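Heads up: the structure comes next, in structure tokens.
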Amino acid sequence: QVVESCVAAAGYSVGEFAALVFAGALGFAEALYAVKVRAEAMQKASEAVPSGMLSVIGQREANYKFACLEARKHCESLGIENPVCAVSNYLFPDSRVIAGHLQALEFLQQNARKYYFTRTKMLPVSGAFHTRLMEPAVEPLAEVLKSIEIQKPLVCVYSNVDGKKYMHSKHIQKLLVKQVVSPVMWEQTMHSVYERKQGTEFPYTYEVGPGNQLGAVLKKCNLKAWKQYNHVDALEDEEAAEA
């Protein structure tokens, strides 16, 4: 019943492929292959430059762009050419993930108070995903997506790149490639998904898969929408069936 009455889907980063499979835009096997190529290409790009991702919670006064600019200048003073340091994920108000050269992220941690960051934490990932350091992964993914049949989604799917609905198959092909080097606009996507007239009820929201981090983010973005949120762990159902 939930699946039949579903009106929209969205997926965070690689989860966008799952959302598109759910919406009938991509076949499961083809999407899995595209994800494999994407992951391998991103890993290769990660190994080329010592880089990473820093989760940041900032005060109202925090200026993330200015902090990133100063971190890049610091990298240049160390002799790093064309350094990268930019917001790679917009999570919820006052929370961002900043990605780039490790030296830039270390600089931000050391100067957190100056930039009004209340908390910084390095993420356990191998590279600066969703920045231009991932450019070597663009071509391999683009090639795979050209060879895959992409349909118009049966329900609205929102893109990480701009937080808006995908319009047609070529649009999906283009933005899935762009997503690798663009910030994940998750906070903006949440606003797009749940925008409605005053007094209109919010839909039921299901987070499918391991963990409930997206539920926690939704709570920070839209408390009223979060009240209709549920988490579905696919693995639990399988284990119960086996038992």
Side-chain angles (χ1 to χ4, degrees), residues 1-39 89-92 141 144-145 147-180 184-243:
Q1 192 184 351
V2 166
V3 172
E4 281 173 12
S5 58
C6 180
V7 291
Y12 186 92
S13 190
V14 72
E16 197 162 292
F17 285 85
L20 287 162
V21 169
F22 171 79
L26 294 174
F28 178 69
E30 290 89 347
L32 212 52
Y33 178 61
V35 165
K36 178 180 183 283
V37 170
R38 177 184 182 272
N89 306 73
Y90 292 83
L91 296 173
F92 53 86
L141 180 60
V144 171
L145 290 173
S147 69
I148 289 173
E149 195 180 348
I150 303 174
Q151 309 281 352
K152 189 170 188 260
L154 300 171
V155 296
C156 297
V157 179
Y158 290 80
S159 165
N160 285 182
V161 172
D162 56 11
K164 294 175 182 165
K165 296 170 188 172
Y166 280 118
M167 304 313 288
H168 47 76
S169 57
K170 277 271 179 272
H171 193 209
I172 293 170
Q173 186 184 334
K174 186 181 162 190
L175 291 192
L176 278 182
V177 174
K178 200 176 174 186
Q179 193 230 57
V180 172
V184 175
M185 300 286 200
W186 194 254
E187 184 185 340
Q188 295 84 338
T189 301
M190 292 297 91
H191 293 316
S192 297
V193 171
Y194 297 104
E195 192 179 11
R196 56 216 343 99
K197 288 194 183 91
Q198 195 80 32
T200 312
E201 278 197 12
F202 283 98
Y204 287 102
T205 300
Y206 295 89
E207 179 174 2
V208 183
N212 51 9
Q213 291 93 333
L214 297 181
V217 170
L218 176 59
K219 189 177 183 180
K220 294 268 202 317
C221 287
N222 191 324
L223 186 60
K224 284 183 177 172
W226 174 79
K227 286 178 177 165
Q228 303 277 48
Y229 160 89
N230 285 287
H231 173 244
V232 181
D233 194 329
L235 292 174
E236 277 177 18
D237 293 350
E238 281 181 22
E239 283 162 11
E242 282 170 16

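All values below come from the heavy atoms of this structure, side chains included, with hydrogens, waters and symmetry mates left out. Model, not experiment: these values are computed from the prediction.
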Can you check whether [Y]'s main-chain N or O pairs, donor with acceptor, with [X]'s side chain at less than 3.5 Å?
X	Y	value
H231	V208	no
Q188	G163	no
N212	G215	no
N160	S13	yes
Q151	G24	no
R196	Y194	yes
S159	V161	yes

Open item on the list: One pair to check against side-chain contact (heavy atoms from CB on, under 4.5 Å): D162 and M185. What are the steps and the verdict?
Closed with: CA-CA 6 Å; D162 56 11; M185 300 286 200; 5.9 Å; no
- [ ] Could you walk me through whether L218 and M190 pass the side-chain contact (heavy atoms from CB on, under 4.5 Å) test, one step at a time?
- [x] CA-CA 7 Å; L218 176 59; M190 292 297 91; 3.9 Å; yes
I need the minimum non-hydrogen distance between [X] and [Y], along with the two atoms involved.
X	Y	value
A19	G11	CB-N, 3.8 Å
V155	A23	CG2-CB, 3.8 Å
R38	L141	CB-CD1, 4.1 Å
F202	K224	CE1-CB, 3.4 Å
Y158	A8	CE1-CB, 3.8 Å
F28	V21	CA-CG1, 4.1 Å

Point-to-point distance, once rounded to the nearest 0.5 Å, from [atom1] of [X] to [atom2] of [Y]:
X	Y	atom1	atom2	answer
L145	K170	CG	NZ	10.5 Å
H191	E195	NE2	CD	10.0 Å
C6	Q1	SG	CD	12.5 Å
K152	L154	NZ	CG	9.5 Å
I150	H171	CD1	NE2	12.0 Å
T205	K227	OG1	NZ	13.5 Å

Task: Residue pair E16, Q179: steps toward the side-chain contact (heavy atoms from CB on, under 4.5 Å) verdict - done: CA-CA 10 Å; E16 197 162 292; Q179 193 230 57; 3.7 Å; yes
TODO: Would you please indicate yes or no on a ring centroid separation below 6.0 angstrom for Y90 and W186?
DONE: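 Centroid distance W186-Y90: not below 6.0 Å, so no.
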TODO: Would you please test V2 and Y204 for side-chain contact (heavy atoms from CB on, under 4.5 Å) and show each step?
DONE: CA-CA 9 Å; V2 166; Y204 287 102; over 6 Å; no
- [ ] Would you tell me whether Q228 and Y206 have side-chain atoms, one donor and one acceptor, within less than 3.5 Å of each other?
- [x]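 Not at all, the side chains of Q228 and Y206 share no donor-acceptor pair under 3.5 Å.
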So, do [X] and [Y] sit near enough that their side-chain heavy atoms are less than 4.5 Å apart?
X	Y	result
L32	F17	no
Y12	N89	yes
K165	V157	no

TODO: Assign the ring pair W226 / Y229 to parallel, tilted or perpendicular, where the plane angle (0 to 90°) is split at 30° and 60°.
DONE: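 The arrangement is parallel - the two ring planes meet at less than 30°.
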